[in-house]
Amino acid sequence: MQSINIFVLAVCAFVLVSSISAAPLDDSKQATILRYDNENIGTDGYNFGYETSDGVTRQEQAELKNAGTDHEALSVRGSVSWVAPDGQTYTLHYIADENGFQPQGDHLPHN
């Protein structure tokens, strides 16, 4: 009988340790900001980034191109990463400029 109790205790301990190690990083409703950087350089562009406790990171920078001309445009480059409910980390890189929004990521369809 004592060996059965030890076996049940060992199985319970294994299940507990397994569930803790497989748990998501943090519930997004309870996420906290771990890092925030913001550099606003006026009308010529900006640069910002942040990281949260639920695994989200984002970095973005913008630059004004062809200032004062008919072809003036803001060129934005950035990336965002997040952890999906299945534990997989996804990363999206993007450019947004006079040519439109151009996303790239391994999880997106490719032509």
Side-chain angles (χ1 to χ4, degrees):
M1 187 60 115
Q2 185 178 6
S3 63
I4 292 175
N5 289 341
I6 292 173
F7 175 76
V8 170
L9 183 61
V11 169
C12 290
F14 175 78
V15 169
L16 178 64
V17 169
S18 297
S19 65
I20 289 171
S21 64
L25 291 176
D26 195 358
D27 181 10
S28 62
K29 293 180 183 178
Q30 304 297 322
T32 58
I33 297 171
L34 303 176
R35 178 185 60 83
Y36 178 72
D37 303 311
N38 186 13
E39 181 183 346
N40 186 344
I41 53 178
T43 59
D44 294 338
Y46 61 85
N47 185 3
F48 78 89
Y50 62 83
E51 180 179 354
T52 62
S53 62
D54 63 346
V56 174
T57 60
R58 183 168 176 195
Q59 185 68 39
E60 184 173 293
Q61 56 195 2
E63 147 185 34
L64 185 62
K65 292 187 173 184
N66 304 313
T69 71
D70 289 342
H71 301 288
E72 181 175 287
L74 193 62
S75 177
V76 179
R77 294 179 176 271
S79 65
V80 61
S81 296
W82 67 94
V83 179
D86 65 359
Q88 176 74 31
T89 299
Y90 292 93
T91 301
L92 174 72
H93 298 278
Y94 57 89
I95 298 172
D97 58 15
E98 65 275 9
N99 298 312
F101 182 69
Q102 304 150 54
Q104 295 180 342
D106 291 340
H107 62 288
L108 297 177
H110 298 280
N111 291 336

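Predicted model only: the values in this text are computed from it and were never measured.
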Residue pairs fulfilling salt bridge (charged side-chain N to carboxylate O under 4.0 Å, His left out) with at least one residue in residues 58-67, sequence neighbours excluded: R58-E60

Closest non-hydrogen atoms of S53 and A31, given as atom of the first, atom of the second and distance, are OG-CA, 3.3 Å

Sequence neighbours left out, what passes side chain to side chain donor-acceptor pair (under 3.5 Å) with D44? Give chain and number order. none

Identify all side-chain donor-acceptor contacts of residues 101-108 below 3.5 Å with residues at least two apart in sequence or on another chain.
| unit_1 | atom_1 | unit_2 | atom_2 | d |
| --- | --- | --- | --- | --- |
| Q102 | NE2 | D97 | OD1 | 3.0 |
| Q102 | NE2 | G100 | O | 3.2 |

What is the minimum heavy-atom distance between N40 and G45, and which atoms define it? OD1-O, 3.8 Å

For the student: nearest non-hydrogen atoms of D37 and R35, plus distance: OD2-NH1, 2.6 Å

Go through the structure and list residues passing salt bridge (Lys or Arg N to Asp or Glu O under 4.0 Å) with D86, not counting sequence neighbours. none

With sequence neighbours excluded, what pairs up with N47 under the side-chain contact (heavy atoms from CB on, under 4.5 Å) test? E39, Q59, Q61

Quick one: OH on Y46 to CG on N38, what's the gap to the nearest 0.5 Å? 10.0 Å

In residues 71-83, what donor-acceptor pairs under 3.5 Å come from side-chain atoms, sequence neighbours left out?
| unit_1 | atom_1 | unit_2 | atom_2 | d |
| --- | --- | --- | --- | --- |
| E72 | OE1 | G68 | N | 2.7 |
| S81 | OG | T91 | OG1 | 2.8 |

For residues V56 and Y90: do they belong to one hydrophobic cluster (side chain heavy atoms under 4.5 Å, members Ile, Leu, Val, Met, Phe, Trp, Tyr)? yes

